[in-house]
Amino acid sequence: MFENRAKPLLEWYKKEKRSLPWREDATPYHIWVSEIMLQQTRVEAVKRYYARFLEKLPTIEALAECEEEILLKLWEGLGYYNRVKNMQKAAKVIVEKYDGEMPSDYDKILELPGIGSYTAGAIASIAFGVRKPAVDGNVLRVLARQEEWEKDIAKTSTKKEAEYILEEQMPENDAGEFNQSLMELGATVCLPNGMPKCEKCPILNCCKSKKHGTIEQYPKKSGKVKRRIEKKTVLLIQKQEYFAVRKRPDEGLLAGLYEFPNQEGFLSEKEVLFFVEKQNLVPIQIKKIENAKHIFSHVEWQMQGYFILVEDTELKKSKDFIFIDKEEASENYPMPSAFSVYKKYMDKKLE
DNA sequence: AACCCGGGGTC
DNA sequence: GACCCAGGGTT
């Protein structure tokens, strides 16, 4: 099936491929870092993170030894923070078991934390020329349109079938280039949401959905589950020029990141004052500030904000909170984007 | 197999 | 508002 398409794809890719940072100095480590960052994340968003990450952590050893706070700071704003934690776990395995070098064997790569079939295939094929497919969302969309797949591309079974087909029919050489050509095609030509640029497609003549004029019906994909809504009250608690933050739990959403103290539900002024006093803080002033909304994949936060000025007293310590200024926050405390609306309050001086 | 895990671009 | 993004881990 695909042996006819490999040649035009490879020729097209050689001419049309984008110049991307991770294609310049394609060591196994660099490819690995780029593939993890690119999981569910656009190329444009990754570029700046990629350069800074490798500047700070140029080797797998450096990654293995990095303090988690610094690691999260390098990932701050990228999302899916378990990606970088798993990458560090894998780095430690590589240092201990493989003498600091990424193994070239597909199954050994696949065993590493944070690496599934797609990423293992990408690293093995691009870095080492191993004949393994790398099936991502781009590739599934291309295949579904080429073959008029009625299968749901969101299903695990569909991805496995794609991997099986591509592994059988992959060219003998150029596995990495072949995989990248399919992804590049999906990313730049065979675009989602019924907006393909078919006139630029090197394998247009084999595309069944184009032939039948049904391209907008593919790929078939099952709907997503509805988002739940969570209401929160976010507190900007100021003591002198410092603001209260706290560390989130080690598991779950935004694990290990820092946040402004917040409570479930929309609290009244009286309830907020009760909460603040319970933390052994003495409020001097309280005012309502703007509401904000942040949308995650499965949750929507609807946030109500309060600004509270508290007495500068060391008599009683607040156990849960850390008081930091804006500079400390930006240098050492990774915070999710969800609170970005409220970060500007850290600029304000004591009134 | 279903659900969790971010953030942002695009239509 | 819906969809999607060089997906993987957990249950």
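Letters go in sequence order (proteins before strands), and every chain restarts at 1. The structure presented is a predicted model; accordingly, all values stated were derived computationally and were not measured.
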Protein and nucleotides 9-11 of chain B: nitrogen or oxygen contacts under 3.5 angstrom:
none

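In this entry the distance linking CE of A:Met87 with C1' of B:dC5 reads 16 Å, nearest Å. The distance from atom CZ of A:Arg83 to atom P of C:dG7 is 10 Å, rounded to the nearest whole Å. Rounded to whole angstrom, the span from the CD atom of A:Glu259 across to the P atom of B:dG7 amounts to 12 Å.
The list of ring-ring contact (aromatic ring centres under 6.0 Å, His included) pairs with a residue in residues 273-295 of chain A, not counting sequence neighbours, reads A:His294-A:Phe296.
Scanning for salt bridge (Lys or Arg N to Asp or Glu O under 4.0 Å) contacts around A:Glu44 gives A:Lys47, with sequence neighbours left out. Listed by chain and residue number, A:Lys344 satisfy the salt bridge (Lys or Arg N to Asp or Glu O under 4.0 Å) test with A:Glu290 (two or more places apart in sequence, or in another chain).
Distances were taken from every side-chain heavy atom of A:Arg228 (C-beta onward) to each of B:dG6, C:dG8, B:dC4; the shortest belongs to B:dC4. Checking B:dG7, C:dA6, B:dA1 against every side-chain atom of A:Thr156, the shortest atom distance belongs to B:dA1. When the nucleotides C:dA6, C:dG1, C:dG7 are ranked by their closest atom to the side chain of A:Lys293, C:dG1 comes out on top.
The base of C:dG7 lies outside donor-acceptor range of the side chain of A:Ser117, with no N or O pair under 3.5 Å. Below the 3.5 angstrom threshold, one finds no donor paired with an acceptor across the side chain of A:Ser337 and the base of B:dG6.
Contact annotation for A:Lys224: base contact, defined as any heavy-atom pair under 4.0 Å involving a base atom. Among the protein residues, A:Lys159 comes within range of the sugar-phosphate backbone only, with heavy atoms under 4.0 Å from sugar or phosphate atoms but none that close to a base.
Comparing the same atom, C1', in C:dC3 and in B:dG6 gives a spacing of 16 Å after rounding to whole Å. Separating the P atom of C:dA6 from that of B:dC4 is a span of 24 Å, rounded to the nearest Å.
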Give the table of side-chain donor-acceptor pairs shorter than 3.5 Å for residues 100-116 of chain A, with sequence neighbours excluded, one pair per line with atom names and distance.
residue	atom	partner	partner atom	Å
A:Asp105	OD2	A:Asp107	N	3.3
A:Asp105	OD2	A:Lys108	N	3.2

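Within residues 60-80 of chain A, no residue has a heavy atom under 4.0 Å from DNA chain C.
A donor-acceptor pair shorter than 3.5 Å cannot be found between the side chains of A:Glu76 and A:Tyr258.
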